[in-house]
Amino acid sequence: MIVAIIVVAVKLLILFAVLMLFVAYGTLAERKVSGHIQDRLGPYHCGPHGLLQPLADGLKLFFKEDIVAAESDKILYYLAPMIAIVPAILAIGVIPFGESITLFGRKIDLVVTDINVALLYLLAVSSFSVYAIVFGGWSSNSKYPLLGGLRSAAQFISYELILGLSIMGVIMVVGSFSLVDIVHYQKSMWMVVYQPLAFIIYMIAATAELNRLPFDLPEAESELVGGYHTEYSSMKFAMFFLGEYANMTVTSAVAVCLFLGGWYSPVSFLSWIPGPIWFVVKLVAVFFFLLWLRWTYPRFRYDQLMVFSWKYLLPLALVNILATGGVMILFGGI
Amino acid sequence: MGVGLFQYTVLSVLVFLLGALGLMIRRNAIIMFLCMELMLNGVNILFMALARSKGSVEGQVIVLFVMAVAAAEAAIGMAIITSFYRSRGGIGVDRADLMKW
Amino acid sequence: MMINAWDVVFFFLAGLILLSALGVVFIRHPVYSALSLLANLCVTAILYLSLMGAPFIAMVQIIVYAGAIMVFFLFVIMLMNLSKGEYQERAVPWRLLLGLGAAALFAFQIFILAGEWRGVLSPGAGGFGVKALSHFIFTRYILAFELVSVLIFVAALGAVALAKKKL
Amino acid sequence: MMVLILAVVLIPLLGATINGLFCWFTKRKAHIIAVPAIAIPAIVSLILLARVLQGERFDQVLYWWIPLGDFRVPIGFLLDELSAIMITTVTFVATWIHVYSIGYMDHETPRGYAKYFCYLNLFVFFMLTLCLANNFLLMFVGWEGVGLCSYLLIGYWYEKASAANAGMKAFVVNRIGDFGFMIGLFLIYKHLGTLLFSQAFASAEQLSVGVATLITLLLFTGATGKSAQIPLYVWLPDAMEGPTPVSSLIHAATMVTAGVYMVARTHALFNMAPLSMEVVASIGAATALMAATMALVNNDLKRILAYSTVSQLGYMFVGVGVGVYAAGIFHLFTHAFFKGLMFLTAGSVMHALHGELNLQKMGGLIKKMPITGWTFVVGALAIAGIPPLAGFWSKDEILAGAFMGGHRIIWAVGTFTAFLTAFYMFRLIFLTFFGEPREKHLYDHAHESPPVMTIPLIVLAVGSAVVGLLALAPHGGIVGFLNRTLGEAHEAAGHEGGLTYILMVISVAMGVAGVVLAYFMYMKRMPDPVAMARNFRPVYTLLYNKYYVDEIYFAFIVNPVVGGSRYALWKFVDVIIIDGAVNGVGRLCRLVGGGLRYIQTGFIPDYAWMILVGAVVIYWIGRLF
C-alpha cells in the first residue's frame, strides 16, 4: 500500500517535472521556431543559443509588479489564472508514456492510472480550460477581455463537440475508452492509417481548443489587444502562459497516444529504443507541428470560425463515424 | 447501519427542494434557470441511487436522457432569455407581466 | 457504532453538494451562482464516480454540464453583461417564507412516501460498464433515444429561431 | 354464398364511394362506375336466386357490431325466397333505370351527374341491406338509409324551392312512421330479447295477442310512412319533384315497397295479431280506393302515376293484410316492372316535351314517339289487369285471396279500384298519346328519346308482359316459391276451380270496362268529361283538391305544432329557461373566474410554489378518495 502510493507519487513528480520542462522550453521553442521561420535567430544571449532564456523570463515575470484592475471582480480575477493550468495537470494522470518496466522486482506501469474511461476523463478535464479564459475575460471588467471571453466560450463549445466526435472513430475501432488499450491496439499499425480523417479533424479541433493560430480569436493581438489576459500581468499572466503550453503538451501527448502509436516504434528494427523515448520524440514532433502551424496560417474571422466548425467539421466528423461503423459492419471489424 | 437508499433520497430531495426554493424566491431569470438545473440534478441523484440499489443500469439510462433534455432545455431557455432581455430590457421575471390579467 | 470510511466520504460529498446548492439559490450574483452550480454538478459527478460506480455517467455529467451547459450559461450572462443594479433584488421575506413553507410541505410529503425505502447501497467502484448502458439505450430505450435526438434537433432550431433578430 | 351476398351488397356501396369521393374526377363518366356497380349485383343476385330455387338458404351473423354486455347488435344477412325475389327485382329494375338515367340526366352539370349516380348507388346499397338484413336493427339501418337517399334525390334540384320542400316533407312524414317503427323495435327487444329474425320469429308464439297487436301496429305505422299509406301518403305525390328515374326507382319500384316487404318479413308476428291484419287490409283497401279516385281527375302526368303507385301499394297491403303474403309480394314484383316502366315512359315524354307534365297540353304523341307510347300502353294494360300481362296475375291472386279469406267488402273495394285503375290509366293514355295534339308547338318539338332511354323501356315492357306468367311455373309458380318462406295463412281456402275463374272473369271485366269507358269519354267524348265535371262539381272539386288532406293536416297538425313551438317552446322554454340556464352558467363562470384570476399573478415564482403545493394536494386527494 505504502509502496504503491510512493510509486504513484514518484510517477506524478516525474511527469510534472517533465511537463514543466516542456512548458519552459516550449516557450523557448516557440520563439526560436518563429525566429527561424521568419528568417531570424530568436533569443540568443541567455546561455548558448538562448537556452537559459526561459529561466530569465520566469525570473522577470516573478518579480514584475502585480497590477490588479480596480473595477475587477476580485475572486474570479484571482481564480482564473489558477484554473488555467489545472486541466493539463489533471490530464497527465491518464497518459501512458511507455510499457511497464520492472524495477526492484516490482512491475511498474508507465502510466499514473489506467482507468477505463480515460478518454472521457480527458475530455472532461479539458472542458475546464475554457473557464480560465471566460472568467479571466469577464472578471477584468474591461471590454477587450470580455470580448475575448465571449469568443472563447462560443468557440470552445463548438470545437469541444468536434473534438469529442473525432475521437469516437478511434474508440469504435478499438472498443475501449482506455488509452492504454488504444496504444496497445497500435502495436503493428498506427491509428492514423485507419482514421486519417479523424486525425485531421482532431488536430484542427485541438488547435482551436488551445486557442492557437489560426484559431486564436480569444486573444487576437491585432483585434483585442491581448484578449482575455489584457488586464493580467506578472505571475498571473505567467500562469496563463504556463497553462497554454502545458495544454499544448498534453494535447500533443494525447494525439500521439490516439493516432501515432504511443510509445511503439514506427519500424521494428528500431524497437530496441525504449518506449518513453519514442513517446517523447513523437510528442516533440507534434508540438513542433503546432508551432509551425502558428507561424504559417492567418487568423480566421469569427463567422468563418463558426461556419467552419458547424458546416464542415461537424458533418465530416459524423461522416467519419458513419464510415467507420459501416466498414466495421461490412468487414466485421478492422 | 451504513449509508443506504434513504440517505441518498434525503440528499436528492434536499437538492431538488433547494432548486425549487430558488425558483420560488429568485426573480432573475438566469438564476431561476440554474435552479432548474439544480432540480434536475437532484432527480438524477435519486435515479442513480435507485439504479445502484436495484442493481439495474436503467436508472443510469434515464439519467443520460435527463442530461440530454437538460441540454435541449438550456438551449431553448437561453434563447428565450436572450430575446426576453432584448424585448423587455432586463431579465427580472417580474418584467414578464403581459399575461397578467 | 463503527464509522465506515465510505460513509464519511458520502457525508462529506453530500455536505459539499448541499452547500453549493445553497450557493446557487442564495448568491446574488448570477456568475457566482453559476459557479456554485458548476461546483455542485462536479461534486455530484465525483459522488457518482466514487460511491456509485458509475464512471461513465460521472464523466458525461462533467462533459455535458461543465463542458457545454454551464459554459453556455456563462456565455449568456456575459453577453448581457448586466449592470450591478440588475443583480439587486428586493428581498421579499413573505415570499421567502412562502417558498420555504411549500418546500417544507413537499419535503414532508416525500419523506412520508420514502420512509420505508431502506435499500442498501454498496458503495465503491465496480458498477456497470459502458456496454451494459449502451445495451439498454439501443434496445429497450431506442425509441426514447431517437426522440431525444429529435428533441435536441428541434431545440436547436427553436433556439436559432428565438434568438435571431429577424429570420 | 357469403361472398356472393357480400358482393351484392358492397359493390353498389363501392360505386357510391367512388363517385362520391371522386366526383371531381369521374364527372360525366360517372355512369361507367355506377352502371356496372348495379349490373354486377344484378347478375350475382340472379345466381343467388337460382341457388335459392335449388333450396339453399343463408342466415348468418357476420360479426357483432355493437357488443354491449347482453345487448349485441349483429351484422348479418338472411337470404331466403323472399329476399332473393326482392334483391333480384331491385337490382334488375335498378340496372335498367341506371342505363335510362344516362340519357335522361345528360343535361346536368358534370358534378351533379356524378352526385346523382352516387346517390343512386347508395340507395341501391341501402335497399339491398334492407332486403338482406337478418335482424331488425340492420333492416332499420337500410330503412333509414333508403329514406335518406330518397330525401337527397327528391331534393336533387335543391335550388328549386318546391323540390327542397318536397324532400323535407318526405323526410318529416317518414320520421313519423319511423318513430312508430322504432318503438316497435324496442318492444320486440323488450319482449323477445333478440333482434335476429330467426330467433324472434321462432319465439313469436310467446307473445300475448295484445303485445303482438301493439308491436305489429307500430311496425305498420312505419310501413305506412315508407309505403305511403293512409294517413301518411301525402309525401309521395310531392316526391315527384325529383328526377323521373328516381321516381321510377325509389318512389314506384323499390323503396316504397319496403313497407310491404317488412310486413311480409314479419308475418310471423302479424299472424299472431288478427286485429292488425284487419287494420292492414282495411287501410290498404281504403288507400287503394282513395288514391285511385284522386288519380281520376288529376292532370299532372307524374302525379297520376304517383297516386297510382299509392293505390297499387294499397293493393299490396290488402294482399299481406288478408294473409296471402306471397300474393302481395308477387304484386310488388310485377308492380316494380310496370310502374317502373310507366315512370320511365313519363320521363321520356317529359324529356321530349321539355319538362311539360300537363295532360291537357299533350295529345297524339304516339306518332312522334312510337316506342315510348306503345311501351306505356303495355304497362297500362298490365296495371289494368288485362291478361296475360303481369298485373292480371298478381292482382287476381290478391283479390282471390281477399275473397277466399272472407273479406268480401275489401274484395269489392279492390275490384272497383281495378275498374278505376283501368279508367284513369287509359284516360292518361288517350289524353297523352292519342287524339289530336292540343299544344301545337309542344307537339312539333317532340321527338323520340335516344336508344339509351328506349332500350330500358323495351326491356321493362317485355318484363311487364311476361313476368306474370311466372305464376304458372311448376310447383305453384312464384307464389308457391314464396310460400316456402311465407307460409299460407289460409291453407283451407285453397284455389277451388270454379270460384277462382268467376273472380278472375269479374276482375278482367272490370279492367276492360274501365278501358272502354275511358275510350268513350276521352276519345269519343260520349259522356263529355267536362260536362261531367260540371254536373258533379262537388265531387270533382273534392277529388281535384285531393280530399283537402294536405289542408287538414296543416290546419290540425302542422299549424298547432308550429304555433306551439313558437309561443310555448321558443318564447318560454328556450328563451327563458334554456337561455337563462346557459347565461346563468356563464355568469357563474365569470364570477368564479373573477375570483380565481387573482391567483394568476403572471409571476413565475408564484406558479412554482403552487405546483409544489398542488402536487401534495393531488397526492392526498388520490390517497383519500
Side-chain angles (χ1 to χ4, degrees), chain B residues 2-11 13-15 17-22 24-28 30-31 33-35 37-38 41-42 44-45 48-54 57-58 60-61 63-65 67-76 78-83 85-86 90-92, chain C residues 4 6-7 10 14 17-18 21-22 24-25 30 33-34 37 40-41 44 48 52-54 57 60-61 64 68-69 72-73 76-77 79-80 86 89 95-96 98-100 102-103 106-107 110 114 117-121 123 127-128 132-133 136-137 141 144 148 151-152 155-156 158-159 162-163:
Chain B
V3 170
L5 188 55
F6 185 70
Q7 281 79 357
Y8 280 92
T9 311
V10 172
L11 174 65
V13 171
L14 285 181
V15 172
L17 282 178
L18 277 171
L21 186 65
M24 284 181 273
I25 64 172
R26 302 301 300 256
R27 52 175 86 180
N28 183 326
I30 290 177
I31 290 183
F33 236 89
L34 296 176
C35 290
E37 300 289 339
L38 197 61
N41 195 40
N44 278 355
I45 293 172
M48 293 294 290
L50 283 171
R52 181 76 176 176
S53 88
K54 306 271 181 221
V57 78
E58 288 177 62
Q60 299 191 9
V61 177
V63 170
L64 275 183
F65 286 140
M67 284 180 196
V69 173
E73 174 223 308
I76 286 286
M78 288 300 112
I80 290 172
I81 288 175
T82 312
S83 75
Y85 178 73
R86 247 184 235 139
I91 52 170
Chain C
N4 191 332
W6 288 114
D7 289 0
F10 171 78
I17 288 172
L18 291 177
L22 281 170
V24 176
V25 177
S33 192
L37 181 60
N40 181 290
L41 294 166
T44 311
Y48 295 163
M52 295 192 185
I57 298 288
V60 170
Q61 165 114 344
V64 171
I69 296 180
F72 194 49
F73 277 108
V76 172
I77 294 171
L79 192 69
M80 294 175 186
E86 275 290 330
E89 297 179 33
R95 201 175 285 286
L96 178 64
L98 199 64
L100 276 173
F106 193 78
I110 293 288
W117 290 2
R118 297 290 174 194
V120 180
L121 261 72
F128 299 97
L133 202 60
F136 270 102
I137 291 176
Y141 294 98
V148 163
L151 172 75
I152 289 179
L162 275 170

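Note that this is a predicted model, so its numbers are computed, not measured. Each chain gets a letter, A, B and so on, in the order its sequence line appears, and its residues count up from 1. Scope of the values below: all heavy atoms of this structure, side chains included, with no hydrogens, waters or symmetry mates.
- Taken from CG in Leu34(B) to CD1 in Ile69(C), the straight-line distance is 11.0 Å, to the nearest 0.5 Å.
- Both the backbone and the side chain of Ser33(C) come within contact range of chain B, each with at least one heavy atom under 4.5 Å from a heavy atom of that chain.
- The heavy-atom pair separating Ala74(B) from Phe72(C) by the smallest distance is O-CE2, 3.5 Å.
- In this structure, Leu14(B) CG and Ile17(C) CD1 are separated by 11.0 Å, a value rounded to the nearest 0.5 Å.
- Heavy atoms closer than 4.5 Å to chain B are found in the side chain of Leu37(C), but not in its backbone.
- The minimum heavy-atom distance between Met67(B) and Gln61(C), with the atom names listed, is CE-OE1, 3.1 Å.
- The most heavy-atom pairs under 4.5 Å with chain B, out of Ala156(C), Ala68(C), Ala14(C), come from Ala14(C).
- Of the atoms belonging to Val24(C), heavy atoms from both backbone and side chain fall under 4.5 Å from chain B.
- When each of Thr44(C), Ile152(C), Ile57(C) is scored by its heavy-atom pairs under 4.5 Å with chain B, the top score falls to Ile57(C).
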Worksheet item: Step by step, would you call Val76(C) with Tyr85(B) a side-chain contact (heavy atoms from CB on, under 4.5 Å)?
Response: CA-CA 10 Å; Val76(C) 172; Tyr85(B) 178 73; over 6 Å; no
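- Heavy-atom minimum distance, Val25(C) versus Gly22(B): CG1-CA, 3.5 Å.
- Proximity to chain B involves both the backbone and the side chain of Tyr141(C), based on heavy atoms less than 4.5 angstrom apart.
- How far CG of Leu64(B) is from CD1 of Ile137(C): 5.0 Å, rounded to the nearest 0.5 Å.
- In summary, the side chains of Asn40(C) and Glu37(B) do not present any donor paired with an acceptor at a separation below 3.5 Å, with no hydrogens or angles considered.
- Put simply, of Val15(B), Val61(B), Ile81(B), Ile80(B), the one with the most heavy-atom pairs under 4.5 Å next to chain C is Val61(B).
- Put simply, CG on Asn44(B) and CG on Leu41(C) are 9.0 Å apart, with the number rounded to the nearest 0.5 Å.
- Here the shortest heavy-atom pairing between Ala75(B) and Ala159(C) reads O-CB, 3.8 Å.
- The shortest non-hydrogen separation linking Ala132(C) to Val57(B) is O-CG1, 4.0 Å.
- Comparing Leu22(C), Val64(C), Leu18(C) by how many heavy-atom pairs each has under 4.5 Å with chain B, the most go to Leu18(C).
- Considering only heavy-atom pairs separated by less than 4.5 Å from chain C, the leading option among Val13(B), Asn41(B), Ile45(B) is Asn41(B).
- For the atom pair CD1 of Ile76(B) and CG of Leu162(C), the computed distance is 5.5 Å after rounding to the nearest 0.5 Å.
- Interface residue Ala103(C): backbone and side-chain heavy atoms are both found under 4.5 Å from chain B.
- The CG atom of Leu133(C) lies 5.5 Å from the CD atom of Gln60(B); values are rounded to the nearest 0.5 Å.
- Heavy-atom pairs under 4.5 Å with chain C peak, among Thr82(B), Val69(B), Val10(B), at Val10(B).
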